[in-house]
Amino acid sequence: MADSPPTAPSALKSYARTSALAVALGSGVSHWLAHRHPVRRILMLHGVGGSTMPPGDFHRMLAWLKQRYAIVPLDLMVREILDGVPAPAGAGRSQLAITFDDGLCNQYRIARPILEQLEIPATIFVCPGLVDAGQWMWNHEARARLKRLSNEGLMECAQTLNSPAHHLEGFIAWMKTLSLPQRQHAQDVLRDCTPRFVSTPAEHEAYDMMSWDEVRACDRGCLTIGSHTMTHPILPTLTEDEIQHELQDSRERLETELGRRVDLFCYPNGSTDERVRKVARSIYRAAVTTEEGMVSAEVDPMAIPRIPVTSHLPLLAWRMHRPWA
């Protein structure tokens, strides 16, 4: 019988890490570590459903969190941060807020009923310009179209645009560096390269935006809506006038539709710079980023970090205490 091929070192490391995380979760070590320090936490989610976050996994994750943290509205957490209220400490008392970026229809259709069933508050950051137009976010459309291209087709499209990126995610990353007119031109070229593009049911489930009726339904009870700019641009690539428009008009449009004040903001893609934060500070009370970390007492209210969610509970438990490990 032939010898079995040696296991790759990377696979062994991955297995050992997964096993260690599972032991830490099962033994309660992760839970103990997460509550050693009086800090607040904010979770960051995007789409729900599909293979990344199946509804069953989403429900289990929320139930697990509810047993271990005091889940509070983001508005309450921000208010206490700004008022200098110390973070509660101790198992079962550590504060946690839950946030969703983008205002996707699956957040209304799948996440909302589960959150309401478990009576868990959450904030969903919405782009009103995309709701008005019924359009996908530009990066979602670009990703879907790029997947239709062969390697040769992607290379041809990249050459047309003088893009240095010749693979899908690299191409998206390159588009994020472009100015608004340049990015819109790249989108037009990509559409020309994929004239027969038709979105699939799975893409509709993943990328469709909420309607205004659905947005309003997510702004009652335990749910609330925040601002995510008008159209989800990469803000540091914009002019100051464009930044002002994206932030100010988003707040005003949401306030008109919801009939209340909207003063919590989320930077698209987490991308920000001093110009962006200056405008955000003049319009909003607080803003969250995609920078990973806990919310300390010294946090800049216009640059509040969050923790990315995973449906893998041992990994999520580790992320909840990682900066203190």
Side-chain angles (χ1 to χ4, degrees), residues 42 44 46 74-75 77-79 81-82 97 99-104 107 123-142 172-188 209-212 215-216 218-219 224-291 295 299-306:
I42 302 174
M44 173 180 62
H46 289 83
L74 179 62
D75 179 78
M77 181 180 289
V78 166
R79 197 183 321 141
I81 291 169
L82 295 176
T99 63
F100 294 80
D101 292 9
D102 305 336
L104 300 168
Q107 295 164 354
T123 297
I124 301 176
F125 293 102
V126 170
C127 300
L130 298 181
V131 178
D132 284 336
Q135 291 180 340
W136 291 356
M137 293 192 302
W138 70 265
N139 51 309
H140 286 169
E141 181 188 347
I172 297 291
W174 170 75
M175 289 181 72
K176 289 179 179 181
T177 68
L178 303 177
S179 68
L180 184 58
Q182 290 172 330
R183 196 202 79 212
Q184 290 171 337
H185 171 67
Q187 289 176 258
D188 289 339
M209 309 299 292
M210 286 191 227
S211 68
W212 278 116
V215 170
R216 283 187 284 269
C218 290
D219 195 55
T224 188
I225 294 296
S227 170
H228 201 33
T229 70
M230 285 294 287
T231 62
H232 205 274
I234 305 302
L235 290 171
T237 67
L238 304 186
T239 66
E240 290 189 14
D241 285 346
E242 290 167 341
I243 295 169
Q244 183 74 31
H245 159 71
E246 285 285 342
L247 274 63
Q248 184 70 51
D249 288 14
S250 176
R251 174 174 181 169
E252 292 176 358
R253 187 78 179 91
L254 287 171
E255 290 182 341
T256 298
E257 289 292 335
L258 301 177
R260 66 165 182 85
R261 181 172 180 167
V262 177
D263 57 9
L264 297 179
F265 180 67
C266 175
Y267 301 101
N269 201 56
S271 301
T272 181
D273 59 19
E274 193 56 43
R275 296 178 312 132
V276 173
R277 287 191 295 274
K278 180 180 178 181
V279 176
R281 202 179 306 274
S282 71
I283 298 171
Y284 295 99
R285 182 163 48 113
V288 296
T289 70
T290 59
E291 180 181 350
V295 185
V299 69
D300 179 352
M302 302 312 299
I304 303 176
R306 295 182 289 174

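FYI, the numbering just counts along the sequence from 1. In what follows, every heavy atom counts, from backbone to side chain, and hydrogens, waters and symmetry copies are set aside.
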Asks: Would the distance check show the side chain of Thr289 and the main-chain N or O of Gly270 forming a donor-acceptor pair, the cut-off being under 3.5 Å?
Replies: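 No.
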
Asks: How long is the span from the CD atom in Gln248 to the CZ atom in Arg253, to the nearest 0.5 Å?
Replies: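 The CD atom of Gln248 sits 14.5 Å away from the CZ atom of Arg253.
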
Asks: Without swapping roles, check the side chain of Gln107 against the backbone of Ile124 for a donor-acceptor pair under 3.5 Å.
Replies: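 Side chain of Gln107 to backbone of Ile124, a donor-acceptor pair under 3.5 Å: no, none is there.
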
Asks: Side-chain donor-acceptor pair under 3.5 Å between Thr229 and Arg251, yes or no?
Replies: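 No pair is found: no donor N or O on one side chain lies under 3.5 Å from an acceptor on the other.
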
Asks: Would you compute the distance between atom CG of Asp102 and atom NE2 of His232 and round it to the nearest 0.5 angstrom?
Replies: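 The NE2 atom of His232 is 4.5 Å from CG of Asp102, to the nearest 0.5 Å.
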
Asks: Do Arg281 and Asp300 pass the side-chain contact (heavy atoms from CB on, under 4.5 Å) test, and can you show the C-alpha distance, the side-chain angles, and the key distance before you say yes or no?
Replies: CA-CA 11 Å; Arg281 202 179 306 274; Asp300 179 352; 3.5 Å; yes

Asks: With sequence neighbours excluded, tell me which residues meet side chain to side chain donor-acceptor pair (under 3.5 Å) with Arg285.
Replies: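 Testing Arg285 for side chain to side chain donor-acceptor pair (under 3.5 Å), a comparison that skips the adjacent residues, returns Asp75, Asp263.
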
Asks: Going by salt bridge (Lys or Arg N to Asp or Glu O under 4.0 Å), name the residues that satisfy it together with Arg275, two or more places apart in sequence or in a different chain.
Replies: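 Testing Arg275 for salt bridge (Lys or Arg N to Asp or Glu O under 4.0 Å), a comparison that skips the adjacent residues, returns Asp273.
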
Asks: If I take atom OG1 from residue Thr237 and atom CG from residue Leu235, how far apart are they, to the nearest 0.5 angstrom?
Replies: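 Going from OG1 on Thr237 over to CG on Leu235, the span is 7.5 Å.
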
Asks: Students often mix this up, so state it plainly: with edges at 30° and 60°, are the rings of His228 and Phe125 parallel, tilted or perpendicular?
Replies: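 Plane angle between 30° and 60°, so tilted.
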
Asks: Do the side-chain N and O atoms of Lys176 and Asn269 include a donor-acceptor pair separated by under 3.5 angstrom?
Replies: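 A donor-acceptor contact under 3.5 Å links the two side chains.
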
Asks: Can you confirm whether more than 12 heavy atoms, excluding those of Glu240, are under 6.0 Å from its CD atom?
Replies: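 It does not: Glu240 CD has 12 such atoms or fewer within range.
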
Asks: Provide the closest heavy-atom pair for Leu247 versus Ile283 in the form atom of the first, atom of the second, distance.
Replies: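 Shortest heavy-atom contact: CB-CD1, 3.7 Å.
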
Asks: Heavy-atom distance under 4.5 Å between the side chains of Met175 and Asn139, does that happen here?
Replies: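 Contact flag for Met175/Asn139 side chains = no.
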
Asks: Between the main-chain N or O of Glu291 and the side-chain N or O of Arg306, is there a donor-acceptor pair closer than 3.5 Å?
Replies: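 Checking the backbone N and O of Glu291 against the side chain of Arg306, no donor-acceptor pair under 3.5 Å is found.
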
Asks: Check the pair Leu264, Val78 against side-chain contact (heavy atoms from CB on, under 4.5 Å), reporting the backbone distance first and the verdict last.
Replies: CA-CA 9 Å; Leu264 297 179; Val78 166; 4.1 Å; yes

Asks: Can a donor-acceptor pair be found between the side chains of Tyr267 and Thr290 at a distance below 3.5 Å?
Replies: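 Side-chain D/A pair, Tyr267 to Thr290: absent.
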
Asks: Does Ile225 offer a backbone N or O that forms a donor-acceptor pair with the side chain of Asp219 under 3.5 Å?
Replies: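 Confirmed, Asp219 side chain pairs with Ile225 backbone.
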
Asks: Using side-chain contact (heavy atoms from CB on, under 4.5 Å), reason through Val215 and Leu258 one step at a time and then give a plain yes or no.
Replies: CA-CA 9 Å; Val215 170; Leu258 301 177; 4.2 Å; yes

Asks: What is the distance from atom OG of Ser282 to atom CD of Gln244, rounded to the nearest 0.5 Å?
Replies: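 Output value for this atom pair is 5.5 Å.
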
Asks: Is any side-chain heavy atom of Thr224 closer than 4.5 Å to a side-chain heavy atom of Arg260?
Replies: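 Sidechains of Arg260 and Thr224: in contact.
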
Asks: Do you know which two heavy atoms are closest between Leu254 and Pro128, and how far apart they sit?
Replies: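 In this case the closest contact between Leu254 and Pro128 is CG-CG, 4.0 Å.
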
Asks: Tell me, please, which residues at least two apart from Arg277 pass salt bridge (Lys or Arg N to Asp or Glu O under 4.0 Å).
Replies: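 Result, salt bridge (Lys or Arg N to Asp or Glu O under 4.0 Å) vs Arg277: Glu274.
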
Asks: If we ignore angles and hydrogens, is there a donor and acceptor under 3.5 Å between the side chains of Ser250 and Ser227?
Replies: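 Yes, because at least one side-chain N or O of Ser250 sits under 3.5 Å from a partner of the opposite role on Ser227.
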
Asks: Do Val131 and Ser211 have side chains that approach each other closer than 4.5 Å (heavy atoms only, starting at C-beta)?
Replies: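 Val131 does not reach Ser211 side chain to side chain.
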
Asks: Atom OG1 of Thr123 and atom CD1 of Ile42: how far apart are they, to the nearest 0.5 Å?
Replies: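 Here the interatomic distance stands at 9.0 Å.
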
Asks: Rounded at 0.5 Å granularity, tell me how far CE in Met210 sits from CG in Leu104.
Replies: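 Met210 CE to Leu104 CG: 7.5 Å, rounded to 0.5 Å.
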
Asks: For Met230, does its backbone N or O pair with a side-chain atom of Glu246 as donor and acceptor, under 3.5 Å?
Replies: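 Checked: pair present.
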
Asks: If we ignore hydrogens and angles and just use 3.5 Å, is the side chain of Trp138 paired with the main-chain N or O of Pro233 as donor and acceptor?
Replies: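 Absent.
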
Asks: Using side-chain contact (heavy atoms from CB on, under 4.5 Å), reason through Ile234 and Arg183 one step at a time and then give a plain yes or no.
Replies: CA-CA 10 Å; Ile234 305 302; Arg183 196 202 79 212; 5.7 Å; no

